[in-house]
Amino acid sequence: MDQLRAIKVFVRVIDEGSFAAAARALDLAPAVVTRLVAELEDHLGTRLLNRTTRRLSLTEIGEAYLERARRILADVDEAAALAASATQEVRGLLRVLCPPAIAVHQLAKHLPKFHRAYPLVTLEIASPGPVETVGDGYDLTIFLSRELLDGDFIARRLARSEFILCAAPDYLDHRGRPQHPSELKKHDALLPPTPSLMRGLTLQRGDGAEEITLPIVPSRATLSTTHMDTNYAAALHGLGVAGLPSFMVEDALLEQALERVMPQWRLFSTTLWAGMPTRKYVPARTRAFLDFLLEIFGGEDKDPWLVAAGCATCPSAG
């Protein structure tokens with residue numbers, strides 16, 4: 001038995017004065033109304049209504065039950081209104097999962113603008129490590145993927161980010177500025193310790209339809225770490241040539257603290273996504289934050305950070 005439905009029907013019978021009138025008001029068959037009230041009485045183990053051919057009347061327990069039933073229905077309506085307001089009003093706690101590099105180098109500098117627009121939203125950002133898919137228990141996940149997405153979630157593209165080679169100007173002044181990937185053998189490399197890199201780097205030339213790959217084995221890795229911010233800091237201090245994502249180095253490039261090495265070449269591209277577990281009943285704060293991310297990152301399959309820094313990947317002349 002649907003007890004809540006039966007309670008609603010019972011109250012409506014009292015309000016309308018008869019089973020037939022309640023059936024018309026609820027657009028139900030009279031037999032359905034009669035059955036639901038009878039099932040409610042069976043469930044409670046007591047009679048709520050005295051039935052005669054001329055009129056209905058409440059029993060003593062029916063009168064007490066009616067008062068409580070109205071209170072229950074009012075609470076249900078209030079809860080529904082509260083839930084509805086959560087999907088319409090931009091306020092409350094917003095739980096976001098994202099990679100640490102995104103949180104530090106992108107979100108932090110844009111959040112004041114979001115806060116000015118939506119001061120009643122509290123952001124709770126979790127950045128435990130690399131994020132490659134939508135996380136359970138979060139309103140929105142920002143993640144990076146080089147593969148086609150596959151999963152039971154909704155995702156929107158925020159931007160494409162290229163992994164590029166860069167180094168501090170002082171380092172390049174001292175060691176020289178390579179013009180071709182073969183010259184990287186003479187340089188100190190800052191690389192993550194992945195098996196594929198042990199076989200050498202694969203650089204892609206140009207940003208158009210035609211690309212050339214060339215495996216390059218650096219002479220040695222001066223630093224090998226999975227922590228991108230460590231590679232970033234080491235590159236800033238002149239330790240060597242690092243491969244870093246554009247969203248991380250945008251400010252350093254603009255400030256000329258880092259310089260892009262061989263702008264005709266990139267390591268690879270990855271896509272930045274914003275994902276949600278479901279499209280149903282999305283709170284207004286989540287929709288507002290997603291729209292904000294699309295606004296600041298562009299939502300297109302291109303790299304906004306290299307364009308902003310004035311060093312987008314250039315087609316190579318040869």
Side-chain angles (χ1 to χ4, degrees), residues 2-5 7-8 11 68-145 149-161 228-229 245 247-248 250-251 270-301 304-305 308:
D2 185 339
Q3 188 174 1
L4 183 59
R5 185 188 184 203
I7 291 173
K8 289 180 178 179
V11 172
R68 296 294 182 91
R70 291 193 189 280
R71 195 179 307 165
I72 290 170
L73 295 180
D75 287 343
V76 170
D77 289 341
E78 183 179 349
L82 179 64
S85 68
T87 65
Q88 297 166 8
E89 188 176 8
V90 184
R91 65 181 304 149
L93 178 65
L94 178 63
R95 303 189 70 231
V96 177
L97 174 67
C98 72
I102 293 290
V104 171
H105 296 279
Q106 289 299 321
L107 286 189
K109 66 181 179 181
H110 293 296
L111 288 182
K113 180 180 178 181
F114 181 78
H115 178 67
R116 287 192 296 270
Y118 304 105
L120 299 180
V121 175
T122 299
L123 275 168
E124 180 182 296
I125 297 178
S127 299
V131 181
E132 297 179 348
T133 190
V134 172
D136 294 332
Y138 295 92
D139 299 299
L140 189 140
T141 301
I142 301 171
F143 64 100
L144 295 165
S145 178
L149 298 187
D150 182 21
D152 186 18
F153 52 81
I154 304 300
R156 293 286 303 275
R157 176 190 287 110
L158 298 178
R160 172 162 49 86
S161 179
M228 284 199 297
D229 265 302
F247 64 78
M248 175 180 277
E250 175 194 18
D251 289 340
T270 187
T271 301
L272 185 67
W273 299 91
M276 298 177 292
T278 178
R279 193 189 298 272
K280 298 181 78 174
Y281 312 121
V282 178
R285 57 184 178 271
T286 305
R287 293 198 307 269
F289 192 61
L290 176 58
D291 291 342
F292 175 74
L293 294 175
L294 290 168
E295 177 188 348
I296 62 175
F297 296 140
E300 299 182 23
D301 187 21
W305 300 288

On the 0 to 90° scale, with breaks at 30° and 60°, tag the Phe114-Tyr118 ring pair as parallel, tilted or perpendicular.
tilted

Please verify the inter-ring angle class for Trp273 with Phe143; under 30° counts as parallel, over 60° as perpendicular, anything in between as tilted.
parallel

Heavy-atom pair of closest approach, residues [X] and [Y]:
| X | Y | result |
| --- | --- | --- |
| Gln106 | Glu250 | NE2-OE1, 3.3 Å |
| Cys98 | Val131 | C-CG2, 3.7 Å |
| Val282 | Arg287 | O-NH1, 2.6 Å |
| Ala159 | Pro304 | CB-CD, 3.7 Å |
| Met276 | Asp139 | CG-O, 3.5 Å |
| Gly129 | Pro100 | O-CD, 3.3 Å |

Salt bridge (Lys or Arg N to Asp or Glu O under 4.0 Å): pairs with one or both residues in residues 116-128, sequence neighbours excluded:
Arg95-Glu124

Just so I know, are the side chains of [X] and [Y] near enough to count as touching, which here means a heavy-atom distance under 4.5 Å?
| X | Y | answer |
| --- | --- | --- |
| Phe289 | Val121 | no |
| Leu140 | Val134 | no |
| Met248 | Pro245 | yes |

Using a 6.0 Å cut-off, check whether atom NE2 of His110 has over 12 heavy atoms from anything other than its own residue.
yes

So with a 6.0 Å cut-off around CZ of Arg71, is the heavy-atom count from everything else above 12?
yes

Show the numbers, then the answer: is there a side chain to side chain contact (heavy atoms under 4.5 Å, CB included) between Leu73 and Leu4?
CA-CA 8 Å; Leu73 295 180; Leu4 183 59; 3.8 Å; yes

Go through the steps to decide whether Asp251 and Lys109 satisfy the test side chain to side chain contact (heavy atoms under 4.5 Å, CB included), and finish with yes or no.
CA-CA 11 Å; Asp251 289 340; Lys109 66 181 179 181; 3.0 Å; yes

Please enumerate all residues that pass salt bridge (Lys or Arg N to Asp or Glu O under 4.0 Å) together with [X], with sequence neighbours excluded.
| X | value |
| --- | --- |
| Lys113 | Glu295 |
| Arg70 | Asp15 |
| Asp291 | none |
| Asp301 | Arg160 |

Test Leu158 against Ile296 for side chain to side chain contact (heavy atoms under 4.5 Å, CB included), laying out the working first.
CA-CA 9 Å; Leu158 298 178; Ile296 62 175; over 6 Å; no

Sorted by chain and number, sequence neighbours left out, side chain to side chain contact (heavy atoms under 4.5 Å, CB included) with Ala69 holds for Ile7, Val11, Tyr65

Passing option when Ile125 is tested against Leu94, Leu97, Leu111, Ile102 for side chain to side chain contact (heavy atoms under 4.5 Å, CB included)
Leu111

Can any side-chain N or O of Ser145 pair as donor or acceptor with the backbone N or O of Thr271 at less than 3.5 Å?
no

Let me see the working for Phe247 and Leu272 under side chain to side chain contact (heavy atoms under 4.5 Å, CB included), right down to the final yes or no.
CA-CA 10 Å; Phe247 64 78; Leu272 185 67; 5.7 Å; no

Rounding to 0.5 Å, atoms CG (Leu120) and CG (Leu93) come to a distance of 13.0 Å

